[in-house]
Amino acid sequence: MIQLEGMFDLPAEKKSRIEWSADLPVEEHAWHIGLIVGPSGCGKTTIARELFRNNFIDGFEWFQKKSIIDSFPQAMGIKEITALLSSVGFSSPPGWLKPYHVLSNGEQFRVTIARALAEQNELVVIDEFSSVVDRTVAQIGSCAIAKTVRKRDQKFIAVTCHYDILDWIDPDWIYQPSTNDFQWRCERQSRPPVSLEIINVHRSAWELFRKHHYLDSTLQKSANCFMALADGQPAAFTAVIHFPHKTASSFREHRTVCLPDFQGIGIGNALSEYVASLYCCKKPYTSVTGHPAMIRHRAKSKFWKMTRKPSSVQRQCGLERKGKRRISSSRGRITASFRYVGPERRQEAKGFGLI
């Protein structure tokens, strides 16, 4: 200590003591999202912890050998938990069954937020928000989380050094400790657009997506496959098969899945509806899905007509193999049926060689 004082000609106690004076008038207006942002060392965490100590989230204890679902409050039903996970952009049922420690950084980020919203009824304060995830994941995740917070009528404060999430999380107020500047944002902003490139791909592209689908990982050999690229990165996948019928043949959605890093802003639904708009130019286009989030979206969408309400379908394929009847994969699951009734993209369908 003495040597350091001599080297810099400064008493140690003057160098090591830092004080902040902060005024966050958050009671002046109604709000849902707050953002405390600034460079490292500017006092973000210290201020947030001092002002919101009862709502400050340092992390959670997670079961090592049980699924993440088991760590949520026992009072919550499975439908409520999975709906919350889906709303923050983690809508992969295979991932719901995994322990927390095997999830990717992006998945852990979203799961932690979901649990915080489940356990804190009023205000949630998250330090180092989005700091350990890829920036694309951070931006898309921020948008999904903000939408969820507002829908649940909760309050959420993100504490971060990253300014690139500002337009995605769209906070109602911003506080920058480095300049002691507090600002209300009176008008909501639209999130930045996400540009998608949709291409026809070989069925081998399914390998990138198969483990994230909520059913089995098989893909019919006859399937025609499409992939959505977001900023050049694979984001979502849809496969289509022909459904033969003596009097009413159609095309049917076979598989649709969005990679976890891109969930939460509707990319999977956008791809699904785009592909449907190509095929409906030729024949009716139908889909059967058991994914809760997709059922909710389509039930509200003007582009889809529900032809069967969510229900459990008991059926058998009728194909005998070594004396045993093969059972359909949809047996016993809750699924809903839809027919696409949205606009056609005839010119683009010609470009894909579909008509």
Side-chain angles (χ1 to χ4, degrees), residues 91-94 196 198-229 234-246 248-260 262-263 266-299 301 303-308 310-313 315-319 326-342 344-345 348-349 352-355:
S91 57
S92 298
L196 295 179
I198 298 175
I199 58 176
N200 210 176
V201 294
H202 187 266
R203 63 191 308 274
S204 60
W206 176 240
E207 291 299 317
L208 180 62
F209 297 86
R210 62 188 302 169
K211 69 178 181 179
H212 301 291
H213 197 270
Y214 69 96
L215 291 177
D216 59 51
S217 59
T218 59
L219 191 71
Q220 286 198 17
K221 292 182 179 180
S222 62
N224 192 17
C225 305
F226 298 83
M227 184 163 64
L229 304 175
F237 178 97
T238 284
V240 181
I241 58 175
H242 182 249
F243 187 68
H245 192 278
K246 290 183 179 180
S249 63
S250 63
F251 291 105
R252 175 173 289 185
E253 184 176 49
H254 178 45
R255 296 283 185 264
T256 288
V257 60
C258 184
L259 293 180
F262 295 92
Q263 293 174 3
I267 290 177
N269 285 319
L271 174 62
S272 173
E273 289 164 1
Y274 178 84
V275 172
S277 73
L278 302 177
Y279 276 92
C280 73
C281 300
K282 191 174 182 180
K283 291 182 180 181
Y285 188 89
T286 64
S287 174
V288 177
T289 180
H291 197 294
M294 187 167 281
I295 292 175
R296 285 194 298 270
H297 167 79
R298 291 180 176 178
S301 173
F303 295 154
W304 296 94
K305 180 180 179 180
M306 183 181 291
T307 55
R308 179 176 56 82
S311 58
S312 176
V313 177
R315 61 175 182 161
Q316 296 178 325
C317 289
L319 178 64
R326 189 173 67 187
I327 304 301
S328 168
S329 63
S330 66
R331 185 183 183 189
R333 290 190 300 108
I334 302 297
T335 61
S337 299
F338 296 88
R339 179 166 61 87
Y340 178 77
V341 294
E344 300 179 359
R345 287 188 170 87
E348 292 168 70
F352 280 104
L354 300 180
I355 57 175

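Every heavy atom of this structure was used, including side-chain atoms; hydrogens, water molecules and symmetry mates were not. One-based numbering along the sequence shown.
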For the student: nearest non-hydrogen atoms of [X] and [Y], plus distance:
X    : Y    : result
A270 : L196 : CB-CD1, 4.3 Å
A299 : M306 : CB-CE, 3.9 Å
S277 : C280 : O-SG, 3.6 Å
G268 : A236 : CA-CB, 4.4 Å
A223 : A239 : CB-CB, 4.0 Å

Ring centres under 6.0 Å, that's the criterion: do F226 and F352 meet it?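 Here the rings of F352 and F226 have centres that are less than 6.0 Å from each other.
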Applying ring-ring contact (aromatic ring centres under 6.0 Å, His included), can you list everything that pairs with F251, at least two apart in sequence or on another chain?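 Counting only residues at least two positions away or on another chain, F251 forms a ring-ring contact (aromatic ring centres under 6.0 Å, His included) with H242, Y279.
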From [X] atom [atom1] to [Y] atom [atom2], the distance as rounded to the nearest 0.5 Å:
X    : Y    : atom1 : atom2 : result
I295 : S337 : CD1   : OG    : 9.5 Å
C258 : M294 : SG    : CE    : 9.0 Å
F338 : S301 : CZ    : OG    : 9.5 Å
K283 : I355 : NZ    : CD1   : 13.5 Å
S92  : H213 : OG    : NE2   : 10.0 Å
L271 : M227 : CG    : CE    : 10.0 Å

Minimum side-chain heavy-atom gap [X]-[Y] below 4.5 Å:
X    : Y    : answer
P234 : F209 : yes
R255 : L219 : yes
V240 : Y285 : yes
R210 : F237 : no
E348 : Y274 : yes
Y340 : E253 : no

Identify which one of I198, V275, V257 satisfies the side chain to side chain contact (heavy atoms under 4.5 Å, CB included) criterion when paired with T238.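 For T238, the side chain to side chain contact (heavy atoms under 4.5 Å, CB included) check succeeds only for V275.
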Under 3.5 Å: donor-acceptor pair, side chain of N224, backbone of I241: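 Checking the backbone N and O of I241 against the side chain of N224, no donor-acceptor pair under 3.5 Å is found.
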Treating H254 as the side-chain partner and Q220 as the backbone partner, does any N or O pair qualify as donor plus acceptor under 3.5 Å?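 Looks like yes, one N/O pair under 3.5 Å.
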Can you see whether [X] engages [Y] through a side-chain donor-acceptor pair at a distance of less than 3.5 angstrom?
X    : Y    : answer
H202 : S204 : yes
R298 : S272 : yes
H212 : Q263 : no

So, using side-chain hydrogen bond (donor to acceptor under 3.5 Å, both in side chains) as the criterion, who are the partners of T286 when residues are at least two apart?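 Result, side-chain hydrogen bond (donor to acceptor under 3.5 Å, both in side chains) vs T286: none returned.
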